[in-house]
K.L.:
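Would you mind keeping the following structure in view while I ask a few things?
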Number of protein chains: 2
Amino acid sequence: MKTSNTEQTFDPNSASEAAATSEGRGTYDERVNRILAAATGVIARVGYEKASMRQVARAAGVSLAGLYHYFDSKEKILFLIQFRSFNALLTGLREKLHHVEDPFDQLRVMVRNHTGYFVANMASLKVCSHELDSLTDEAYEETFAIRRHYYEVTRGIVDRLFDKYAPDSTLDRHVATMSLFGALNWLYRWYDPKRGGSPTALANQLATQFLHGILGPPPAPDAAGESAPP
Amino acid sequence: MKTSNTEQTFDPNSASEAAATSEGRGTYDERVNRILAAATGVIARVGYEKASMRQVARAAGVSLAGLYHYFDSKEKILFLIQFRSFNALLTGLREKLHHVEDPFDQLRVMVRNHTGYFVANMASLKVCSHELDSLTDEAYEETFAIRRHYYEVTRGIVDRLFDKYAPDSTLDRHVATMSLFGALNWLYRWYDPKRGGSPTALANQLATQFLHGILGPPPAPDAAGESAPP
DNA sequence: GATAAAACCGAACGTACGTTCGTTCGTCTT
DNA sequence: AAGACGAACGAACGTACGTTCGGTTTTATC
């Protein structure tokens, strides 16, 4: 009995209860993941609306009807791709933030986490950045909720940055946060891991630009000792 | 005889030779522009692939067949929307740059030009930012060429900024330029003119963040007199 | 008011899509 | 050996799409 995908709900927990019911070629979860990976590639290349289930089936090495044995619908495939990516981004970020205190370092952790996941899963994050509005109803609401959590965690870092290092700044914090997301979510349009610099250099530069951008030139060499970042 | 749209080429010059051959409801060009505006709204709302010619025709107040009297194909409609927007962005920027010398001010001009055109034509720029890869062959090449020119003008400003104010910076100038485009092209995802601040405040903040971001804190209060922006 | 061109439209054509149906083939369990 | 179930597939269904065709109405010119 398969637990999640053949049901009608949008519960994205994908682990089967039984570990390996059939070993024809990998477990059930492994076959799901392989098909999802193929679908991610196709959707990233041609876009969700233009990607046909026949294309996905061919790329995954199954028949068109076989595809529907694993997924209820085309939208469910997109939902799973997005939900898993956003979830990985968010939980990865929350874990890494536990070990860091200063908002200056937290911002660097956030940028490194995002670019790191991007470089390791370029197709997935392209689909996440480009197909934000392709889901409908509950599937949309559910991914939207995670994205809002991701925003709020990031916004919290930005708030603490302003409060600690630039409490008198007139910059709008929402605009600042969204400009950071813009720089990050635009990566899929131009970054080429073969030609661009190393992922770490990319993350460092994006974080540095953002930090200098909102903290600006130090007010003047006269204030108290807590005005300069460590 | 109509000059451009009914031909098979992708020449986007839209001015008819005869000023007003028909006055039923506006000139030929006015009718073309009204249909294009309606198409822009539909494509911005539901996406290019999902937008049907029937939907566009209904929004424009013409029949499905009547639509094909003005445009050869669906792709040509998207091409015209993108070509005209990119062209307006680029020529507007080039004009405004003529009166400005310092790269610091030039960058502010660029950001103001882009955000200003965005706020005045939100649907068009959403289509331009989101449907970059929906054109094929010559239509794609032609819009790609303008986008490259737009990049090169902006990159020139960034280069002069670095050369004049931060010649020893280790930041990658391509990454810096693309992060600026990311912040600008992501606007359509979140900026709401009713709730967000004024467009000028938005432009000022984005320009300030970018300038401080790449110029960083002044190296130290010991260098020569040309290290601080005017 | 006749004539020609432009403007416009209802109806259809062919195709590709997402999804479903009925069935077969193995492989477990009993 | 029998039964049950997961995995997989070929073929089809209904629909919506982009585009075209043949014709009618409107407008401009003489």
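Convention: sequence-line order gives letters A, B, ...; per-chain numbering from 1.
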K.L.:
Sequence neighbours left out, what passes salt bridge (charged side-chain N to carboxylate O under 4.0 Å, His left out) with A:D133? Give chain and number order.
P.N.:
B:R189

K.L.:
Just how far, in rounded Å, is P of D:dG6 from CG of A:D29?
P.N.:
15 Å

K.L.:
Tell me which pairs pass side-chain hydrogen bond (donor to acceptor under 3.5 Å, both in side chains) where either residue lies in residues 50-66 of chain A, with sequence neighbours left out.
P.N.:
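Sorted pair list comes back empty.
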
K.L.:
Without swapping roles, check the side chain of B:S85 against the backbone of B:Q82 for a donor-acceptor pair under 3.5 Å.
P.N.:
no

K.L.:
With the criterion being N/O to N/O and under 3.5 Å, what pairs connect the protein with nucleotides 16-23 of chain D, and how long is each?
P.N.:
{"unit_1": "D:dG18", "atom_1": "OP1", "unit_2": "B:A51", "atom_2": "O", "d": "3.3"}
{"unit_1": "D:dG18", "atom_1": "OP1", "unit_2": "B:K74", "atom_2": "NZ", "d": "2.8"}
{"unit_1": "D:dG18", "atom_1": "OP2", "unit_2": "B:M53", "atom_2": "N", "d": "2.8"}
{"unit_1": "D:dG18", "atom_1": "N7", "unit_2": "B:R54", "atom_2": "NH1", "d": "2.9"}
{"unit_1": "D:dG18", "atom_1": "O6", "unit_2": "B:R54", "atom_2": "NH2", "d": "2.9"}
{"unit_1": "D:dT19", "atom_1": "OP2", "unit_2": "B:Y68", "atom_2": "OH", "d": "2.7"}
{"unit_1": "D:dT19", "atom_1": "OP2", "unit_2": "B:K74", "atom_2": "N", "d": "3.0"}
{"unit_1": "D:dT19", "atom_1": "O5'", "unit_2": "B:Y68", "atom_2": "OH", "d": "3.4"}

K.L.:
Can you tell me how far the CZ atom of A:R155 sits from the OG1 atom of A:T177, to the nearest 0.5 Å?
P.N.:
5.0 Å

K.L.:
Is any side-chain nitrogen or oxygen of A:Y70 closer than 4.0 Å to OP1 or OP2 of D:dG6?
P.N.:
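Looking at the OP1 and OP2 atoms of D:dG6, neither is under 4.0 Å from any side-chain N or O of A:Y70.
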
K.L.:
With a 4.0 Å cutoff (strictly under), does any side-chain N or O of A:H69 reach OP1 or OP2 of D:dA7?
P.N.:
yes

K.L.:
Rounded to the nearest 0.5 Å, what separation is found between the CZ atom of B:R84 and the CZ atom of B:F79?
P.N.:
10.0 Å

K.L.:
Would you say B:F83 and B:I146 make side-chain contact, with heavy atoms under 4.5 Å?
P.N.:
yes

K.L.:
Find the distance B:E30:CD to C:dA7:P and express it as a whole number of Å.
P.N.:
13 Å

